Number of protein chains: 2
Amino acid sequence: MRSLTRPSHEDALALVVDGIEAGALVTVVGRCTVEYEGRAESTLGPGERHVMLKPDGAALVHTDEGQQPVNWQPPDCDHDASLVDGELLVESHRETPTEQLAVRFDSLLQASAFGLTDERDLSLAGTEEDLRERVLADPDLVEAGFVPLATERATPAGAVDVYGEDSEDRAVVVELKRKRVGPDAVGQLTRYVDALERDLHAERAVRGILVAPSVTDRARRLLAERGLEFVALEPTAGSDADRQSDADSR
Amino acid sequence: MRSLTRPSHEDALALVVDGIEAGALVTVVGRCTVEYEGRAESTLGPGERHVMLKPDGAALVHTDEGQQPVNWQPPDCDHDASLVDGELLVESHRETPTEQLAVRFDSLLQASAFGLTDERDLSLAGTEEDLRERVLADPDLVEAGFVPLATERATPAGAVDVYGEDSEDRAVVVELKRKRVGPDAVGQLTRYVDALERDLHAERAVRGILVAPSVTDRARRLLAERGLEFVALEPTAGSDADRQSDADSR
DNA sequence: AAGTCGATATCGCCA
DNA sequence: TGGCGATGTCGACTT
């Protein structure tokens, strides 16, 4: 780890260049302007910000506000640093699509380079995948007699989350969502049901069921208009939201 | 600005607590484990990471890879720091929804606190808003004789980007997208057209036009099935993508 | 390389 | 505060 406090632009340049070369995570904090051009275009006037250059090619410019960076570059970019008129210039560039970020500092508070090692073994629960496993483990949660036949079943409109049959051998399309859904999810389910009805040549009825913790009013209305159904279900059995839902439904 | 290199946990705690109190942007780099519980749940085993606590309440945990933080907390959280078994523990918590993040360090590379000031005047071009202005300034870009009557026109299915009439007085719903679109945009346009047809009691024909730089094959097929139309148009007149599009259409 | 869709999406706007 | 849709969305997975 190397770090410089209120460094000269020359010293900071050396640290940044060496850090990028060494595969370190580099941070520079100071007053700067930022320009971006690529999928869109943006300019950001002078202000004090925190800039992070990652060894995988990602770049982040953070102000003192917001979870999201004010400017950034995705992984697989090439980082570069140089002096322009005696001031530190940090650039990041990529192709496909062509886009570049330029950060020009006029004063420097700190420059650091960290050689970080990380196993990166994040374990996450409460996702749509968990909801799918819950439904497959106990299909009656969707409806008594529901039989899942496939997941990610292909249709001309996209892949259906869970495809199956009900107790009367009707085709059933299930769309899963890990949280409360709006009109977009109804549109998705509609596309799949329509596509499957075409695929099955109208030989069979196709039911569409949206499985999610809850729906908005507008989404519920859209479901009704289209003859689609809703089943309330959480991704995990013991969640707080689940208990709240139970309370609501009393 | 204050910064400590390889500080003791006690010294780091003092700096972090003072920094949070003072409204500084605080960073801590070191080996840590991370636990999150709230909208979902996650655990992250030991590894070296960069943690940022913003004065607006946002928290970010970055590894050496990826543009996105491996763990985070949105703005308006309360940050806290303490010692547990002699080790630095950083926590961030909020209600609505209830969620909390806990970062426990077992070794520290650096702890810093920055008092940043930023005007935050980002200027961005190439957005859907730019595309709308382009269409309103020259409606013939959509179709000769098209007359815009309203933007964000309300329907039971949501607000229509641009609503207007064609040269034969048919109602026209225009959905704008700043970049190449897939099936979801067709679903959106479908919802608006359906809703408007109900609203107008089938007194008038309703056309739906998707305006975007380009569409995927599947989206084009879905448009055709529904009798909807597509017009190729970029958010800005002089973009590279525009010239490419012009070249393609020759 | 492009298409498709989930996400602890985040963010801004508006009722 | 919740609903709704845009985002330079990102990221993972499939073709």
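Keep in mind that what you see is a predicted model, and the values were worked out from it rather than measured. Below, chain A is the first sequence line, B the second, and so on; all start at residue 1.
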[X] side chain: which of [options] is closest?
X: A/N71; options: D/dA6, D/dG8, D/dC10; value: D/dG8
X: A/Q67; options: D/dC10, D/dT7, C/dC11; value: C/dC11
X: B/E128; options: D/dG5, D/dG3, D/dT7; value: D/dT7
X: B/Y36; options: C/dC11, C/dT8, D/dG8; value: C/dT8
X: B/R180; options: D/dG3, C/dA9, C/dG3; value: C/dG3

Rounded distance (Å) that lies between atom [atom2] of [N] and atom [atom1] of [X]:
X: B/R39; N: C/dA9; atom1: CZ; atom2: P; result: 5 Å
X: B/R220; N: C/dT4; atom1: CZ; atom2: P; result: 12 Å
X: B/L122; N: C/dG12; atom1: CG; atom2: C1'; result: 14 Å
X: B/D161; N: D/dA6; atom1: CG; atom2: P; result: 6 Å

ask   = Is it true that B/R132 and B/E152 have a side-chain N and a carboxylate O under 4.0 angstrom from each other?
value =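 The answer is yes: the pair qualifies as a salt bridge.
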Using only side-chain N and O atoms of [X], determine if any of them is under 4.0 Å from OP1 or OP2 of [N].
X: B/K179; N: D/dT9; answer: yes
X: A/Q188; N: C/dG6; answer: yes
X: A/K177; N: C/dC5; answer: no
X: B/R221; N: C/dG3; answer: no
X: A/R218; N: D/dC4; answer: yes
X: A/Y192; N: C/dC5; answer: yes
X: A/W72; N: D/dC10; answer: yes
X: A/T216; N: D/dG2; answer: no

Using a heavy-atom cut-off of under 4.0 Å over every strand shown, decide if [X] touches base, sugar-phosphate, or nothing.
X: A/D184; answer: nothing
X: B/P183; answer: sugar-phosphate
X: A/S42; answer: nothing
X: B/P75; answer: sugar-phosphate
X: B/G66; answer: sugar-phosphate
X: A/G158; answer: sugar-phosphate
X: B/E175; answer: sugar-phosphate
X: B/Q68; answer: sugar-phosphate
X: A/R132; answer: nothing
X: B/R94; answer: nothing

Just by modelled atom types, is the [Y] backbone N or O under 3.5 Å from a matching donor or acceptor in the [X] side chain?
X: B/R180; Y: B/A212; value: no
X: A/H79; Y: A/A58; value: yes
X: B/H50; Y: B/L60; value: no

- Message: Let me spell it out: for each of A/R178 and A/A157, pick the nucleotide of DNA chain C with the closest heavy atom. Which residue's pick is nearer the 5' end?
- Response: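 The residue mapped nearer the 5' terminus is A/A157.
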* Between B/L101 and A/T96, who's closer to the 5' end of DNA chain C by nearest nucleotide? ->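 Result of the comparison: A/T96.
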key: Polar pair under 3.5 Å, donor/acceptor by atom type, side chain A/Q73, base D/dG8   =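 When only heavy-atom distances are counted, A/Q73 does reach the base of D/dG8 through a donor-acceptor pair under 3.5 Å.
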| Would you say the side chain of B/D217 and the base of C/dG3 hold a donor-acceptor pair, judged only by whether the two atoms sit under 3.5 Å apart? |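 Per atom types, no contact qualifies.
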query = Taking atom CD of A/E119 as the centre, does the number of heavy atoms from other residues, nucleotides or ligands within less than 6.0 Å exceed 12?
reply =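 12 or below, so no.
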For A/L223 and A/V186: C-alpha separation, side-chain torsions, deciding distance, then whether side-chain contact (heavy atoms from CB on, under 4.5 Å) applies.
CA-CA 6 Å; A/L223 284 171; A/V186 182; 3.9 Å; yes
Among B/V162, B/I209, B/L141, B/D138, exactly one meets side chain to side chain contact (heavy atoms under 4.5 Å, CB included) together with B/F146. Which residue is that?
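So the option named by the test is B/V162.
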